[in-house]
Every structure is written in structure tokens, then in C-alpha cells.
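The block underneath contains the structure these notes are about, expressed in C-alpha cells.
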Amino acid sequence: MMPDSFPTPSSSRPWPVPGTPLLPRLELEPTMSRDGIFDGAWWPRSNHVLAELPDLITALGAHFGRIVRVGLDTTAWDGVPRSLAANGLTIRINWFAGSDATISVTRGFQDHFLLLVVPPGTNPATAASAMAGASATGNHTPAAELLLG
């Protein structure tokens, strides 16, 4: 499985057409070996969890299967509910403090995936580098270091 990528200013891929849905900017570790700290990275366009999370859950569902729970730091997001609807399912949202640079995604019973969250306003080159590092097989670089660029 190849990682999902997003266009950068230097890429030859086109930018989305105005008025069309935007795909989540998501990169996943290609082997899904679960040998590193992160299983991939996500670069949301805003801090509005209700606008960003449903599309991420839909995209991850295509790769991981049914998502049942998401864990995130409420200080990094605006208006975090206890649950939300995505893919016709109700997804529970767990709150934790201390790491606005990660999001935990759970499928099934206690099967967790950890994604690096690149802050919305990050420079595209820095975001691309952080996402590549977090989605590399066997990654062991901490979030803070990946986000330095």
C-alpha cells in the first residue's frame, strides 16, 4: 500500500478545484508493520474538529477498517464533542491533555493507531517533511522533533 500524499507547491499534482470536497492530507506508513512511534501523519486544514474529523475517519476507514473511537487533546481543537457521525457511524471521542501533536484512532477492541498531527498553519515544506518522517517504516523520531522541520 502506498502512502496517501498531498500536493505541495513544488509537486506536479494539481491543487483541488474550488467548490469540490477536499481530501484529508494524510500519509500512512506503507507496510502497517506498527514498528515505529507513528502509523502515519495528518495535516488538518483547521482546528475545527467537526469540519476535519469526519473526512479523516472516512479515509482511515478505507485503510484500517471500522473506526470506533478517536482520542485527541481538546486544547488543540475548537468545539470538541463527545462523539460525532462519520461513515454512517457514531464515533466516540476521548479527550486527553498534553499532546496536541498526536491523535489516537481505535478500531475494534483496543487496536490503536497513532498519527502525528501537523498543525494547520504549518509551512508546506515543513509539513511534508514531518509527514514523511512520521510515515516512514520504523520511525522513532518524537513529534516535537518531526515538527521542527
Side-chain angles (χ1 to χ4, degrees), residues 1-81 84-89 91 93-96 99-107 111-149:
M1 173 170 27
M2 294 298 294
D4 295 330
S5 61
F6 55 92
T8 61
S10 62
S11 82
S12 60
R13 292 178 58 192
W15 286 94
V17 176
T20 61
L22 297 174
L23 295 174
R25 297 180 291 191
L26 176 66
E27 235 178 288
L28 300 174
E29 192 276 321
T31 68
M32 296 311 296
S33 64
R34 320 274 295 269
D35 290 333
I37 295 173
F38 298 105
D39 300 299
W42 175 44
W43 185 21
R45 290 174 175 80
S46 73
N47 289 332
H48 302 287
V49 73
L50 291 174
E52 300 290 340
L53 209 48
D55 291 337
L56 175 67
I57 291 168
T58 298
L60 290 175
H63 292 281
F64 298 155
R66 182 174 178 233
I67 305 299
V68 297
R69 183 174 303 145
V70 172
L72 48 80
D73 185 347
T74 57
T75 61
W77 298 94
D78 296 333
V80 179
L84 61 79
N87 266 353
L89 302 169
I91 310 300
I93 299 178
N94 290 347
W95 304 347
F96 60 87
S99 182
D100 59 351
T102 64
I103 186 168
S104 171
V105 179
T106 306
R107 71 174 180 183
D111 187 11
H112 303 282
F113 293 86
L114 187 65
L115 300 177
L116 174 74
V117 177
V118 177
T122 302
N123 171 288
T126 301
S129 175
M131 293 180 79
S135 63
T137 302
N139 62 71
H140 289 287
T141 306
E145 193 174 323
L146 286 169
L147 293 170
L148 287 176

Shortest non-hydrogen separation from Ala127 to Val118 and the atoms involved: CB-CG1, 3.8 Å
Nearest atoms (heavy-atom pairs only) where Asn139 meets Gly133: CB-O, 3.2 Å
Within residues 120-130 or reaching into it, pairs that qualify as side chain to side chain donor-acceptor pair (under 3.5 Å) - sequence neighbours excluded: none
Closest approach of Pro119 to Trp43 (non-hydrogen atoms, all atoms of both residues): O-NE1, 3.0 Å
Taking every non-hydrogen atom, the tightest pair across Ile103 and Trp42: CD1-CZ3, 3.9 Å
Residue list, side chain to side chain donor-acceptor pair (under 3.5 Å) with His112, at least two apart or on another chain: Thr106, Gln110
Pairwise ring-ring contact (aromatic ring centres under 6.0 Å, His included) hits with a residue in residues 122-149, at least two apart: none
Residues which pass side-chain contact (heavy atoms from CB on, under 4.5 Å) with Ala134, listed by chain and number, not counting sequence neighbours: Phe38, Ala41, Leu116, Leu146
Nearest-0.5 Å distance that lies between atom CG in Asp78 and atom NE2 in His48: 5.0 Å
If you look only at distance, which donor and acceptor atoms sit under 3.5 Å apart when one is on a side chain in residues 49-60 and the other is two or more places apart or in another chain?
unit_1: Glu52; atom_1: OE1; unit_2: Arg45; atom_2: N; d: 3.3
unit_1: Glu52; atom_1: OE2; unit_2: Arg45; atom_2: N; d: 3.3
unit_1: Glu52; atom_1: OE2; unit_2: Ser46; atom_2: N; d: 3.0
unit_1: Glu52; atom_1: OE2; unit_2: Ser46; atom_2: OG; d: 3.0
unit_1: Thr58; atom_1: OG1; unit_2: Pro54; atom_2: O; d: 3.0
unit_1: Thr58; atom_1: OG1; unit_2: Asn87; atom_2: OD1; d: 3.2

Pro142: side-chain contact (heavy atoms from CB on, under 4.5 Å) partners, not counting sequence neighbours: Glu145
Within residues 64-74 or reaching into it, pairs that qualify as side chain to side chain donor-acceptor pair (under 3.5 Å) - sequence neighbours excluded: Asp73-Thr75
Side-chain donor/acceptor of Arg107 to backbone N/O of Phe64, under 3.5 Å: yes
Beyond-backbone contact of Leu26 with Leu115, side-chain heavy atoms, under 4.5 angstrom: yes
Of all pairs that satisfy salt bridge (Lys or Arg N to Asp or Glu O under 4.0 Å), the ones with a partner from residues 30-40, not counting sequence neighbours: Arg34-Asp39, Arg34-Asp111
